[in-house]
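What follows is a short report on a single structure.
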Amino acid sequence: MAINWFKYSSPASFYFLAGKMIPLFSVAAIVLFAVGLYIGFFVAPTDFQQGEAYRIIFIHVPAAWMSMFLYVVMAMWSGIGLAFNTRLSSMVATAIAPTGAMFTFLALWTGALWGKPMWGAWWVWDARLTSELILLFLYIGFMSLQAAIDDPRRADKAGAMIALVGVVNVPIIYFSVKWWNTLHQGASVSVTQSPKMATTMLTGMLIMSIACWMYAIAVVLIRTRTIILERERHTAWVGELQEGVGVAS
């Protein structure tokens, strides 16, 4: 029997669907993080050039991937909300921004920890690092602009413009090591080339990447449910939900 996914474009329907999905993604994230960190820090061999310091890639690389991908997803939902005036799309975009900013900050911070022993400096104005820092400012700008506008619909439209314009920065981050002569090393994993690392290292990194995805989905769903309750607080279904919670408590 076919599932009518269009009905979940309603905030009320999506609210209850998200509530069922959150525990699944949360458990998956916890399990995968445990497995990925164990492989990365205890099973993967020591790198012959970078020694034990390279192990930070099991956090740094997935965080960097997520920072870029979440921005693209945020821009996509913002664009859908702007084009079709769908409330839920804008809510999801708003919910993604803090998680994307967190992964961007984590990528920059772990990159600094990795760069100190490798380059001898915490920070250099490298093309990859600078464009990643701009990505963090774009996330902050998106959230700050929305917070500064009282009307949610106007805030969504203003945030969508920043998200759509800023998405240009994502390919700049990704291709910066190819377009310019940078200190940052090239990609160790590519869809067009065989991996440049041991199988155990690659396995640990991929598991950590999936774990980050599971975490991001769970957190975004939680935050989306909160935004839905805040924006729909005057509707009948939220009133019934609050009454039900009050009776249960």
Side-chain angles (χ1 to χ4, degrees), residues 3 5-41 57-81 86-110 135-136 138-140 142-143 146-147 152 156 159 163 170 203-233 237-238 241-242 244-245 248:
I3 299 176
W5 292 106
F6 286 103
K7 76 174 184 178
Y8 294 112
S9 61
S10 164
S13 299
F14 185 82
Y15 178 88
F16 294 103
L17 175 64
K20 296 177 181 179
M21 296 169 65
I22 289 169
L24 301 177
F25 287 108
S26 299
V27 171
I30 293 171
V31 173
L32 289 170
F33 271 128
V35 174
L37 289 173
Y38 177 76
I39 293 175
F41 287 94
I57 68 170
F58 295 104
I59 299 175
H60 173 72
V61 174
W65 286 347
M66 290 300 298
S67 69
M68 292 184 287
F69 204 88
L70 283 177
Y71 193 91
V72 173
V73 175
M74 182 185 76
M76 179 194 72
W77 282 114
S78 295
I80 293 174
T86 53
R87 294 177 297 159
L88 183 60
S89 300
S90 299
M91 293 179 192
V92 174
T94 301
I96 291 173
T99 304
M102 182 273 293
F103 276 115
T104 307
F105 176 80
L106 184 61
L108 291 168
W109 179 60
T110 53
L135 184 66
L136 178 60
L138 286 169
Y139 275 121
I140 295 174
F142 178 89
M143 293 185 290
Q146 286 199 323
D156 290 338
V170 174
T203 301
M205 186 182 298
L206 293 179
I207 290 175
M208 285 295 294
S209 299
I210 298 173
C212 288
W213 258 115
M214 298 297 103
Y215 167 82
I217 293 173
V219 172
V220 168
L221 289 175
I222 292 171
R223 191 173 287 115
T224 302
R225 277 165 56 93
T226 302
I227 294 172
I228 289 173
L229 289 180
E230 180 182 351
R231 295 193 182 184
E232 302 284 303
R233 61 185 180 276
W237 74 270
V238 173
L241 183 65
Q242 291 175 337
V245 173

query: Quick one: are Trp237 and Phe16 in side-chain contact, heavy atoms under 4.5 Å?
result: yes

message: For the CG atom of Leu37 and the CE atom of Met208, what is their distance to the nearest 0.5 Å?
response: 4.0 Å

message: Between Trp213 and Phe25, does the ring-ring contact (aromatic ring centres under 6.0 Å, His included) criterion hold? Intermediate values first, please.
response: CA-CA 9 Å; Trp213 258 115; Phe25 287 108; 9.8 Å; no

Partners meeting side-chain contact (heavy atoms from CB on, under 4.5 Å) with Arg225 (sequence neighbours left out): Tyr15, Ala18, Ile22

Approximate separation, where rounding is to 0.5 Å, of Ser90 OG and Arg231 CZ: 7.0 Å

- request: Any chance you could measure Phe103, atom CZ, to Cys212, atom SG, to the nearest 0.5 Å?
  value: 4.0 Å

Considering all heavy atoms, the nearest Ile57-Pro62 contact: O-CD, 3.3 Å

message: Under the criterion side chain to side chain contact (heavy atoms under 4.5 Å, CB included), I'd like the reasoning laid out for Leu135 against Ser67: C-alpha separation, chi angles, the key distance, then a yes or no.
response: CA-CA 8 Å; Leu135 184 66; Ser67 69; 3.8 Å; yes

- line: For Leu70 and Ile96, the nearest pair of non-hydrogen atoms, with its separation, is O-CG2, 3.6 Å

message: Less than 4.5 Å apart, side chain to side chain, heavy atoms only: is that true for Tyr215 and Met66?
response: no

Please set out all donor-acceptor pairs under 3.5 angstrom arising from side-chain atoms of residues 216-223, sequence neighbours excluded.
| from | atom 1 | to | atom 2 | distance (Å) |
| --- | --- | --- | --- | --- |
| Arg223 | NH1 | Ala95 | O | 3.0 |
| Arg223 | NH1 | Thr99 | OG1 | 3.0 |

field: Val61 side chain reached by Thr110 side chain, heavy atoms, under 4.5 Å
entry: no

- request: Answer yes or no: are there more than 12 heavy-atom neighbours, outside Trp109 itself, under 6.0 Å from its atom CH2?
  value: no

message: Classify the ring geometry of Phe41 against Phe58: parallel below 30°, tilted from 30° to 60°, perpendicular beyond 60°.
response: tilted

field: Where Met91 and Ile227 come nearest, the two heavy atoms and their spacing
entry: O-CD1, 3.7 Å

message: For a quick test of reading the model, state the closest non-hydrogen atom pair linking Phe142 to Ala97 and the distance between them.
response: CD2-CB, 3.6 Å

message: Please report the interatomic distance CG(Leu88) to OG(Ser13), rounded to the nearest 0.5 Å.
response: 9.5 Å

- prompt: Where do Thr94 and Gln146 come nearest, in terms of heavy atoms and distance?
  reply: OG1-OE1, 3.1 Å

query: Roughly how far apart are Leu106 CG and Leu136 CG, rounded to 0.5 Å?
result: 11.5 Å

- line: Tightest non-hydrogen contact, residues Ser89 and Ile80, listed as OG-CG2, 3.4 Å

field: Polar side-chain atom of Tyr38 near backbone of Phe33 as donor-acceptor pair, under 3.5 Å
entry: no

- prompt: Do Trp65 and Ser209 touch side chain to side chain, with heavy atoms closer than 4.5 Å?
  reply: yes

message: Taking Ala107's backbone N and O only, do any of them form a donor-acceptor pair with His60's side chain (distance below 3.5 Å, no angle check)?
response: yes

query: Distance from Leu17 atom CG to Ser10 atom OG, nearest 0.5 Å?
result: 11.5 Å

Residue pairs passing the salt bridge (charged side-chain N to carboxylate O under 4.0 Å, His left out) test where at least one lies in residues 87-110, sequence neighbours excluded: Arg87-Glu232

Criterion side chain to side chain contact (heavy atoms under 4.5 Å, CB included) on Tyr71 and Met76, from CA distance to verdict: CA-CA 8 Å; Tyr71 193 91; Met76 179 194 72; over 6 Å; no

